[in-house]
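Only one structure is covered here, and it is reproduced in the block below.
The residues of the chain are indexed from 1 along the displayed sequence. Worth knowing before you read on, the calculation uses all heavy atoms, side chains too, and leaves out hydrogens, waters and symmetry mates.
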Amino acid sequence: MRVMVVGAGPAGARVLRQLAKNERLEVIVVDPRERPRAVEEGLIEAVDVLEPVTPLNLEHIVAQVEPDIVLL
């Protein structure tokens with residue numbers, strides 16, 4: 001299953017910590033910052049999509065990433 005996580009700050013880092021328990025998931029992280037908390041804590045190596053997510057570009061990013069589920 002392909003999961004798109006929007007945001008890798010404090011809340012996103014908690015979500016990513018839980019998702020890491022299931023190695024069958026492919027997690028794609030979207031965040032406008034290169035070094036959000038999840039990167040600083042070593043939960044992920046890097047952000048996959050460096051873009052802010054807004055109502056205007058959400059559909060474009062989802063089409064690009066093609067996730068099965070989006071977690072905001």
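- A donor-acceptor contact shorter than 3.5 Å is absent between the side chain of Asp68 and the backbone of Met1.
- Of all heavy-atom pairs between Glu66 and Ala63, the closest is CG-O, 3.3 Å.
- Pairing each heavy atom of Leu43 with each of Ala13, the nearest pair is CD1-O, 3.4 Å.
- In plain terms, the two heavy atoms of Val27 and Asp48 that are nearest each other are O-OD2, 3.7 Å.
- For the residue pair Pro52 and Pro32, the shortest heavy atom distance occurs at N-CB, 3.7 Å.
- Glu59 CD: 12 or fewer foreign heavy atoms inside a 6.0 Å radius.
- Proximity of a side-chain donor or acceptor of Asp31 to a complementary backbone N or O of Ala8 within less than 3.5 Å is detected.
- Clustering of Ile, Leu, Val, Met, Phe, Trp and Tyr side chains at separations under 4.5 Å places Ile61 together with Met4, Val6, Ile28, Val30, Val49, Val53, Leu58, Val62, Val65, Val70, Leu72.
- A 4.5 Å side-chain heavy-atom check between Leu50 and Glu34 finds at least one atom pair inside the cut-off.
- With Asn22 contributing its side chain and Leu19 its backbone, the two residues share no donor-acceptor pair below 3.5 Å.
- In terms of heavy-atom proximity, Gly9 sits nearest to Arg37 at C-CB, 3.9 Å.
- Separation of atoms CG (Asn57) and CD (Gln64) is listed at 9.5 Å; rounding is to 0.5 Å.
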